[in-house]
A.B. asks: 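After the structure tokens below, expect a handful of questions from me.
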Amino acid sequence: MSFFIDEFQADLEALPNILQKKYALMRDLDKSLQEIVRQNEQRCEQEIEDMKRGVKAGNITPDTSLIRFSDEALDEQKHSIRIADEKVALAIQAYDLVDSHIQQLDQYLKKSGEELRRVERENTAATAPSQISDGTTKSGRSESGRRGRKKSRVGTAAASAAATEVAATAANPTGMELDLPVDPNEPTYCLCNQVSYGEMVACDNPDCKIEWFHFGCVDLKEQPKGKWYCPDCAALRNRRKGR
């Protein structure tokens with residue numbers, strides 16, 4: 001895992017410079033393209049005027065199949081197409097480069113999530129209640145274990161958000177909008193059914209179907225003190241108390 005992080009960090013540090021060079025080359029090509037298009041438009045307009053005067057003077061037969069632009073004008077148009085193709089190729093290269101780094105980041109986040117879940121399971125097993133005197137096991141989750149899980153999810157979401165922000169900033173130094181793919185295997189949480197991000201809180205109902213919630217979706221500003229229940233579980237508890 002450490003080797004993967006070091007390798008990914010080294011590649012990520014070089015990414016902004018590589019993208020900057022490609023964007024600079026695209027700008028130079030764009031300037032050249034605009035100049036060639038401007039020259040070609042002027043040349044074609046002049047040739048059209050010459051053709052009109054030639055037709056009026058009787059020097060040119062008014063047959064559209066025989067009227068054509070000069071070789072210079074046609075060469076300029078072909079050259080502008082080649083430059084446009086080069087710009088498209090550079091844009092594809094930049095996109096593929098960013099996409100490959102995002103895929104690497106997804107792999108790292110997936111491995112990190114698996115490692116965190118493994119540690120969480122070990123901590124849960126270590127803090128699980130022992131056999132009581134009558135030979136039965138007390139069910140339920142301890143408060144300390146639950147709070148530990150809350151902190152773990154907040155840390156995981158914050159790390160994920162920070163890593164995503166770093167990758168997005170490095171991959172897009174010019175502020176250009178890029179339609180980048182999202183991992184379809186990313187698990188979803190909360191009432192909004194979205195992936196984890198920012199700070200999150202866990203419902204203390206062990207049977208909660210959703211379990212994890214974004215602060216903003218449940219109107220929280222900070223981590224709640226003591227036990228906290230989501231709206232659905234809180235309503236269920238109130239109905240049971242009213243019976």
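If you're wondering where the values come from, they're calculated on a predicted model, not measured in any experiment.
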A.B. asks: Can you confirm whether C208 sits close enough to F213 that some side-chain heavy atom of one is under 4.5 Å from a side-chain heavy atom of the other?
C.D. replies: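 Answer yes - side chains close enough.
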
A.B. asks: Test of understanding: with salt bridge (charged side-chain N to carboxylate O under 4.0 Å, His left out), list the residues that count as partners of D71, not counting sequence neighbours.
C.D. replies: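 Listed in chain order: R68.
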
A.B. asks: Just jot down the side chain to side chain contact (heavy atoms under 4.5 Å, CB included) partners of Q34, sequence neighbours excluded, or say none.
C.D. replies: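 D30.
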
A.B. asks: Once side chain to side chain contact (heavy atoms under 4.5 Å, CB included) is applied, do any residues pair with D28, and if so which ones, sequence neighbours excluded?
C.D. replies: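 Testing D28 for side chain to side chain contact (heavy atoms under 4.5 Å, CB included), a comparison that skips the adjacent residues, returns none.
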
A.B. asks: Through direct or indirect side-chain contacts below 4.5 angstrom among Ile, Leu, Val, Met, Phe, Trp and Tyr, which residues connect to V88?
C.D. replies: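 Reading the cluster by chain and number, V88 sits alongside I92.
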
A.B. asks: Excluding sequence neighbours, so at least two apart, what forms side chain to side chain contact (heavy atoms under 4.5 Å, CB included) with I81?
C.D. replies: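 I81: side chain to side chain contact (heavy atoms under 4.5 Å, CB included) contacts with D85.
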
A.B. asks: Quick one: side-chain hydrogen bond (donor to acceptor under 3.5 Å, both in side chains) partners of N193, sequence neighbours excluded?
C.D. replies: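 Scan of N193 (side-chain hydrogen bond (donor to acceptor under 3.5 Å, both in side chains), adjacent residues dropped) gives T188.
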
A.B. asks: Looking at every heavy atom in both I210 and C190, which two are closest together, and how far apart are they?
C.D. replies: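 I210 and C190 have their closest heavy atoms at CG2-N, 3.3 Å.
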
A.B. asks: Tell me every residue that passes side-chain hydrogen bond (donor to acceptor under 3.5 Å, both in side chains) with K22, counting only those two or more places apart in sequence or in another chain.
C.D. replies: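 Applying side-chain hydrogen bond (donor to acceptor under 3.5 Å, both in side chains) to K22 gives Q93.
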
A.B. asks: Report yes if some heavy atom in the side chain of M26 is under 4.5 Å from a heavy atom in the side chain of Y23; otherwise report no.
C.D. replies: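 They are in side-chain contact.
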
A.B. asks: Who passes salt bridge (charged side-chain N to carboxylate O under 4.0 Å, His left out) against R82, sequence neighbours left out?
C.D. replies: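 Per chain and number, R82 pairs via salt bridge (charged side-chain N to carboxylate O under 4.0 Å, His left out) with no residue.
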
A.B. asks: Partners of S70 by side chain to side chain contact (heavy atoms under 4.5 Å, CB included), sequence neighbours excluded?
C.D. replies: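 In terms of side chain to side chain contact (heavy atoms under 4.5 Å, CB included), with neighbours along the sequence ignored, S70 is linked to R43, E47, E72, A73.
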
A.B. asks: Which residues pass the side-chain hydrogen bond (donor to acceptor under 3.5 Å, both in side chains) test with R118, sequence neighbours left out?
C.D. replies: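 In terms of side-chain hydrogen bond (donor to acceptor under 3.5 Å, both in side chains), with neighbours along the sequence ignored, R118 is linked to E115, E122.
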
A.B. asks: How would you list, by chain and number, every residue that makes a side-chain hydrogen bond (donor to acceptor under 3.5 Å, both in side chains) with E35, sequence neighbours excluded?
C.D. replies: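 Here the qualifying residues are R38, Q39.
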
A.B. asks: Please find the pair of heavy atoms, one from M200 and one from Y189, that lie closest to each other, and give the distance.
C.D. replies: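 Where M200 meets Y189 most closely, the heavy atoms are CE-CB, 3.8 Å.
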
A.B. asks: Determine the minimum heavy-atom distance between N205 and C233, stating which atoms define it.
C.D. replies: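 Answer, listing the atom of N205 first, then C233: ND2-SG, 3.1 Å.
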
A.B. asks: Suppose we screen for ring-ring contact (aromatic ring centres under 6.0 Å, His included). Which residues come up paired with Y229, at least two apart in sequence or across chains?
C.D. replies: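 Partners of Y229 under the ring-ring contact (aromatic ring centres under 6.0 Å, His included) test: none.
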
A.B. asks: Can you give me the closest heavy-atom contact between D204 and K227, atom names plus distance?
C.D. replies: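 Taking every non-hydrogen atom into account, OD2-CA, 3.3 Å.
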
A.B. asks: Hey, can you tell me if Y197 and H214 have their rings parallel, tilted or perpendicular (30° and 60° cut-offs)?
C.D. replies: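 Ring orientation of Y197 relative to H214: parallel.
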
